[in-house]
Every structure is written in structure tokens, then in C-alpha cells.
Amino acid sequence: MPTGPETPRWIKAEREGLHLPTIGWWIDPSRAVANALVTHGHADHARGGHGEVWATAATRDIIDLRYGKPPGGGDVAYGECIEIGDSITATFLPAGHVLGSAQILLERQGERIIVTGDYKRRPDPTCAPFTPAPCDILITEATFALPIFTHPPIEREIARLRAGRDANPDRTILVGAYALGKAQRVIAELRRSGYHETIWLHGAMTAMCDLYQRHGVALGPLTPVSETPRGDLKGQIVICPPSALNSVWARRLPDPVNAVASGWMRVRQRAVQSNVELPLIISDHCDWNELTATILEVAPQETWITHGREDALLHWCAMRQIRARALDLVGREDEDEAA
């Protein structure tokens, strides 16, 4: 392993999350704490029960909707630097993952540590793009950290979705997409491709889509499935949680074509096992090439890896004399629906 600077004593990787022990603050903790910095609203990074929560305004709104309003904390704008104690500052930078998602740049006495949370490098009309920044330690996710994962252009996958709809005028095109981030991105990309017809929503999708639109993300005409006779959904696109694809609710739709939008659809066996007729390789995470390119671009002295396939990325770093280590954090297992 390459030699390098000692791990700063003011940050610790503990099972429950990243801890700033001298001030008692945490980043994305998996249990309720008094003071939390939160990168984004997905359940493996955000939760209810914290005392004070500091996050972007959009992320705090998502937390309020999903987990209940925390009693304290505040909104942090992108680029804003806040002092949190013991000469430590935190600056929130766009992560490009979902609405409101942020990297958190921690600085103390000239040392710079970036906690990426989850992130992607592809353009996304529903959130601010990833902003690379130099640092001494980069703490990166590794959800798709295997060379087999190379995400195709989203335009190709949206074209496949529209072609599937055109080829099946008597069937419902039922797209399984995670309710926070993935669903809104699929809708926005359909609009960008020129699809301006009503898109129909499972009831679990409506509140989050409304929140996105309140934050200025245009999604076009959306209507809950409950507001139309099921027979009228022939040839229509319906967005639902992946867990609803094979439910009683879905079986009442006109001969649905099951589709799933996920980076895991690169693995054909996953699609076969889940009865997915139209797999759409659409991910809100970096693929292998983007992960490795980000490490080279940011050029940290040390890389900490979590949330996925650490071994392959550790090996890649070792081959290039990049100091690296894997973190063992609770609750960072694969979130298949969100990927």
C-alpha cells in the first residue's frame, strides 16, 4: 500500500456513519443523533429522529416529507460554508445524484475531506450537476465499482422506452422507478425527448413529484392512475415503485409491459429473475469509468471507499499507487430500487 498522511484524528469512520468526535457531529448517520449533516434524502443516508439536521433546502423538504420535520438545524445553499465547531467548516457542493443532493467538503486547519454521498457525472435535468473539487481525502461510494458496469447514454434508454410504448398500443407500459430521483428523472427525460402526453402515476409517486415541481423541476402533465378507468391506460406510460410491478395493483392494468429503470438492469439475470420485459439501464450513480475518472480528477492523497464493490476499486487504486481503504458502514448495502 502506498504511504501517505496519517488519517486525521478529527474524523472517524464508525459503523453508524462518519463521525466528527471532537464536536459530536455525524455525516449521514444510520441512527438518530443530536447533530447531523445529511448529503441527500435516500433512506440509507437520511432518517428521522435527529435533533438538528443541516442539509440543502430541497433535501430538508424531502426529509420533512419522508421522515418528519426535525426540531432543529437549517438549510445550507450550494457553495455556502458553515462553521460547526473545533475549527471545522462544512461546505455543500452539488453531487448530481437527486434533487438537493450534496457532497460535503469538511475543512480543518488546511485539511480538506470530501464526503460525496451518492453521486453521478451524467447530466440530469432534475438536479444540479456534480462539482469536482480537490481534497486530501475523498470518501466515495462504489455502488457500480466493477468494470462490467458502463451506463449507456440515457437518450438511448428513453428511445427504447418510447419504442416499447409505440410497439404495444394495447398494453400499459409500466415503469418501475424509485420514488425519489429516478421517477422524476425518467419523466423529465421523456419530456426532453419530445413526449408531452400525460404520464400516469402510482399513488406512492405523487407527493414526491409535487415536491420536485415546487422546487422548479418541470415534469409536465401527471395524473394518478386512480383517477381514470384502468381500460383507458392502454398504450400509456405508468410510473410505479419497483415493488409494485408484480402486485395485485399492477395486474389490474391492461396487459402491462414490465419495465425497470436501474443501473442493475445491466445484469441480464436480474431482469430475468424479476420478470422485467423492458430493462432500462438508467442509473443515478457513477459507472466504473466515472468513478475512476473522478478519483483521478480530484487527485486526493487518500481515497476511502464505501457503499458497494470496494474490492475492485481498492485494487484499481493499489495498481496506481493511490492510497485507499474500505469503510464498513452500517446501512450502506445495495439499494436496488434507487440505483
Side-chain angles (χ1 to χ4, degrees), residues 42-44 98 118 120 122 141-187 189-190 193 195 199-202 204-205 225 230 233-291 307-313 332-339:
H42 281 147
D44 55 339
V98 297
D118 291 335
K120 69 174 178 289
R122 306 290 176 97
E141 62 145 309
T143 303
F144 291 110
L146 288 174
I148 64 168
F149 289 111
T150 55
H151 305 326
I154 194 169
E155 293 82 2
R156 190 193 83 173
E157 301 305 285
I158 294 297
R160 293 179 59 243
L161 173 56
R162 294 190 61 179
R165 184 251 188 182
D166 293 343
N168 294 277
D170 294 323
R171 303 177 68 187
T172 300
I173 308 301
L174 185 58
V175 183
Y178 194 64
L180 167 55
K182 189 66 61 64
Q184 296 78 24
R185 186 181 179 204
V186 169
I187 293 167
E189 291 290 355
L190 277 166
S193 76
Y195 187 87
I199 295 173
W200 303 85
L201 301 179
H202 185 284
M205 298 291 182
V225 167
R230 299 299 174 102
L233 294 173
K234 290 182 179 180
Q236 301 300 308
I237 295 175
V238 175
I239 312 290
C240 73
S243 58
L245 282 172
N246 298 305
S247 67
V248 172
W249 174 89
R251 289 197 291 272
R252 299 206 307 267
L253 299 173
D255 191 16
V257 176
N258 279 5
V260 167
S262 171
W264 297 114
M265 291 297 98
R266 171 66 72 184
V267 183
R268 181 175 296 274
Q269 189 61 27
R270 287 203 178 212
V272 172
Q273 290 174 346
S274 302
N275 192 32
V276 177
E277 189 172 343
L278 181 57
L280 303 169
I281 307 170
I282 299 175
S283 177
D284 286 332
H285 298 260
C286 289
D287 65 12
W288 170 259
N289 291 330
E290 291 159 345
L291 286 169
H307 198 165
R309 279 120 185 93
E310 296 95 340
D311 289 349
L313 203 53
R332 296 298 190 270
E333 64 278 355
D334 299 337
E335 268 211 340
D336 286 5
E337 292 189 354

Next on the checklist: For a side-chain contact (heavy atoms from CB on, under 4.5 Å) check, start with the C-alpha distance between Ile237 and Val175, then their side-chain angles and the critical distance, and finish with the verdict.
Outcome noted: CA-CA 7 Å; Ile237 295 175; Val175 183; 4.2 Å; yes

Checklist entry - When rounded to the nearest 0.5 angstrom, what is the spacing between CG in Leu291 and CG in Asn289? => result 9.0 Å

Checklist entry - Mind checking what makes side chain to side chain donor-acceptor pair (under 3.5 Å) contact with Glu310, not counting sequence neighbours? => result none

Checklist entry - Excluding sequence neighbours, so at least two apart, what forms side chain to side chain donor-acceptor pair (under 3.5 Å) with Arg156? => result none

Item to check | Partners passing side chain to side chain donor-acceptor pair (under 3.5 Å) against Arg266 (at least two apart in sequence or in another chain) | outcome: none

Checklist entry - Taking side chain as C-beta onward, heavy atoms only, is Ile173 less than 4.5 Å from Asn168? => result yes

Next on the checklist: Please determine whether a side-chain nitrogen of the Lys or Arg among Lys234 and Asp170 lies less than 4.0 Å from a carboxylate oxygen of the Asp or Glu.
Outcome noted: no

Checklist entry - Who are the salt bridge (Lys or Arg N to Asp or Glu O under 4.0 Å) partners of Arg160, not counting sequence neighbours? => result Glu157

Checklist entry - How close do Ala177 and Lys182 get, heavy atom to heavy atom, and via which atoms? => result CB-CG, 3.8 Å

Checklist entry - What's the shortest heavy-atom distance between Leu180 and His42, and which atoms? => result O-NE2, 2.9 Å

Item to check | Short N-O contact, Arg122 and Asp284, less than 4.0 angstrom | outcome: no

Sequence neighbours left out, cut at 3.5 Å: what donor-acceptor pairs do the side chains of residues 253-260 make with other protein atoms?
unit_1	atom_1	unit_2	atom_2	d
Asp255	OD2	Arg171	NE	3.1
Asn258	ND2	Asn246	OD1	3.1

Check residues 147-155 and write down every donor-acceptor pair under 3.5 Å in which the side-chain atom is one partner and the other belongs to a residue at least two apart or another chain.
unit_1	atom_1	unit_2	atom_2	d
His151	NE2	His285	O	3.3
Glu155	OE2	Arg192	NH2	2.8

Next on the checklist: Please find the pair of heavy atoms, one from Leu245 and one from Cys240, that lie closest to each other, and give the distance.
Outcome noted: CD2-SG, 3.9 Å

Checklist entry - Hey, are the side chains of Tyr195 and Arg165 touching, using non-hydrogen atoms and a 4.5 Å cut-off? => result yes

Item to check | Heavy-atom pair of closest approach, residues Val98 and Gly181 | outcome: CG1-CA, 3.6 Å

Item to check | Nearest atoms (heavy-atom pairs only) where Ala339 meets Ser283 | outcome: O-OG, 2.7 Å

Checklist outcome for this item: Across all chains, not counting sequence neighbours, the side-chain contact (heavy atoms from CB on, under 4.5 Å) partners of Val248 are Arg251, Arg252

Checklist entry - Is the side chain of Gln273 donor-acceptor paired with the backbone N or O of Arg270 at a distance under 3.5 Å, no angle test? => result no

Item to check | Minimum side-chain heavy-atom gap Leu161-Leu278 below 4.5 Å | outcome: yes

Item to check | Residue pair Ile187 / Ile239, side-chain heavy-atom distance below 4.5 Å | outcome: yes

Checklist outcome for this item: Heavy atoms of Pro242 and Tyr178 approach each other most closely as CD-N, 4.0 Å

Checklist entry - Within the side chain of Gln184, is there an N or O that forms a donor-acceptor pair under 3.5 Å with the backbone of Ala179? => result yes

Checklist entry - When rounded to the nearest 0.5 angstrom, what distance separates CH2 in Trp264 from CD1 in Ile281? => result 12.5 Å

Next on the checklist: Run the side-chain contact (heavy atoms from CB on, under 4.5 Å) test against Ala271 and tell me which residues pass, sequence neighbours left out.
Outcome noted: Met265, Val276, Pro279

Checklist entry - Mind checking what makes side-chain contact (heavy atoms from CB on, under 4.5 Å) contact with Ala204, not counting sequence neighbours? => result His202, Pro241

